[in-house]
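For reference, the structure is listed below as structure tokens.
From a predicted model like this one, the values you see are computed outputs, not experimental measurements.
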Amino acid sequence: MKSGFPPEMSHLLIQICRAHRYNAEIALNALGLHTGQEMILFQLWEQEGITPSQIAETLCVEPPTVTKMLQRLEKSGFVERRPDVEDGRISRVYLTAEGKSLKIPVQQVWNRLEAQTIGGLSDMEQALLKRLLLQIQGNLATE
């Protein structure tokens, strides 16, 4: 490691994450979404009627974060929360027609972002990058 601060690899990862998030934010804002909200929509496109706590667990975020995101998505008309039919203390999250209509545009945003991110890398380089990123993720994972 070089003696300069911040460490070179960590700084590069931070710059990459910021650039990725910036590009995602611009594209998602055009659809009326904030970065991160699309992850909830991805979950709901796979399975509606899940609870906010299930969403939080899958996204590895705290329940209050999901609550705030759901409030914004509800205000935008993309999702709705309904009480569980068997236990009124539990709410379940469902897509509205507007939320369902975002599926293809959001997938297109992520496809373009993925292509931009790995542009110019060969299949072998992509596989190596994925392996290295997974190793870094494992290194940083907390137990």
Q. Hey, any chance Met69 and Val61 share a hydrophobic cluster, counting ILVMFWY side chains that come within less than 4.5 Å of each other, even indirectly?
A. yes
Q. Could you give the distance from CZ (Arg72) to CD (Gln37), rounded to the nearest 0.5 Å?
A. 6.5 Å
Q) Between the side chain of Trp45 and the main-chain N/O of Gly99, is any donor-acceptor distance below 3.5 Å? A) yes
Q | side-chain contact (heavy atoms from CB on, under 4.5 Å) assessment of Ile136 paired with Leu13 | A | CA-CA 10 Å; Ile136 291 169; Leu13 283 171; 4.3 Å; yes
Q: Can you sort out the partners of His11 under ring pair (Phe, Tyr, Trp, His ring centres under 6.0 Å), two or more places apart, ordered by chain and number?
A: none
Q.
side-chain contact (heavy atoms from CB on, under 4.5 Å), that's the test. Do Gln43 and Leu59 meet it? Break it down for me.
A. CA-CA 9 Å; Gln43 281 189 274; Leu59 294 181; 3.5 Å; yes
Q: Sequence neighbours left out, what passes side chain to side chain contact (heavy atoms under 4.5 Å, CB included) with Ser53? Give chain and number order.
A: Thr51
**Q.** Joint cluster assignment, Tyr22 & Val109, ILVMFWY side-chain distance < 4.5 Å
**A.** no
**Q.** Close side-chain approach of Thr67 to Gln71, heavy-atom, < 4.5 Å
**A.** yes
Q) Pairs in or reaching into residues 106-129: which pass salt bridge (Lys or Arg N to Asp or Glu O under 4.0 Å), with residues at least two apart or in two chains? A) none
Q: First locate atom CG of Asn23, then atom CG of Leu113, and finally report the distance between them rounded to the nearest 0.5 Å.
A: 6.0 Å
Q. Side chain of Glu38, backbone of Leu33: donor and acceptor closer than 3.5 Å?
A. no
Q. If you measure from CG on Leu140 to CD on Gln135, what distance do you get to the nearest 0.5 Å?
A. 10.5 Å
**Q.** All pairs passing side chain to side chain donor-acceptor pair (under 3.5 Å) where residues 74-86 contributes a residue, at least two apart
**A.** Glu74-Arg81, Glu80-Arg82, Asp84-Arg92
Q. Stepwise, does the side-chain contact (heavy atoms from CB on, under 4.5 Å) test hold for Leu41 with Val79?
A. CA-CA 8 Å; Leu41 296 177; Val79 301; 4.0 Å; yes
Q.
Just verifying a value: how many Å separate Ile118 CD1 and Leu129 CG, rounded to the nearest 0.5 Å?
A. 8.5 Å
Q: Under 4.5 Å between side-chain heavy atoms, chaining through other members, with only Ile, Leu, Val, Met, Phe, Trp and Tyr counted: pull out the rest of the cluster around Leu132, sorted by chain and number.
A: Leu128
Q) Among pairs that include at least one residue of residues 97-107, which meet side chain to side chain donor-acceptor pair (under 3.5 Å), considering only residues two or more places apart or in two chains? A) Thr96-Glu98
**Q.** Backbone N/O of Tyr94 and side chain of Glu48: donor-acceptor pair under 3.5 Å
**A.** no
Q: Answer yes or no: does atom CD of Gln15 have more than 12 heavy-atom neighbours from other residues, nucleotides or ligands under 6.0 Å?
A: yes
Q) Hey, quick one: are Leu133 and Leu121 part of the same hydrophobic cluster, counting side-chain heavy atoms closer than 4.5 Å, chains of contacts allowed? A) yes
Q | Heavy-atom closest pair, residues Ile55 and Val93 | A | CD1-CG2, 4.1 Å
(Q) Can you give me the closest heavy-atom contact between Val66 and Pro52, atom names plus distance? (A) CG1-O, 3.7 Å
Q. Where does the angle between the aromatic ring planes of His20 and Trp110 fall among parallel (under 30°), tilted (30 to 60°) and perpendicular (over 60°)?
A. tilted
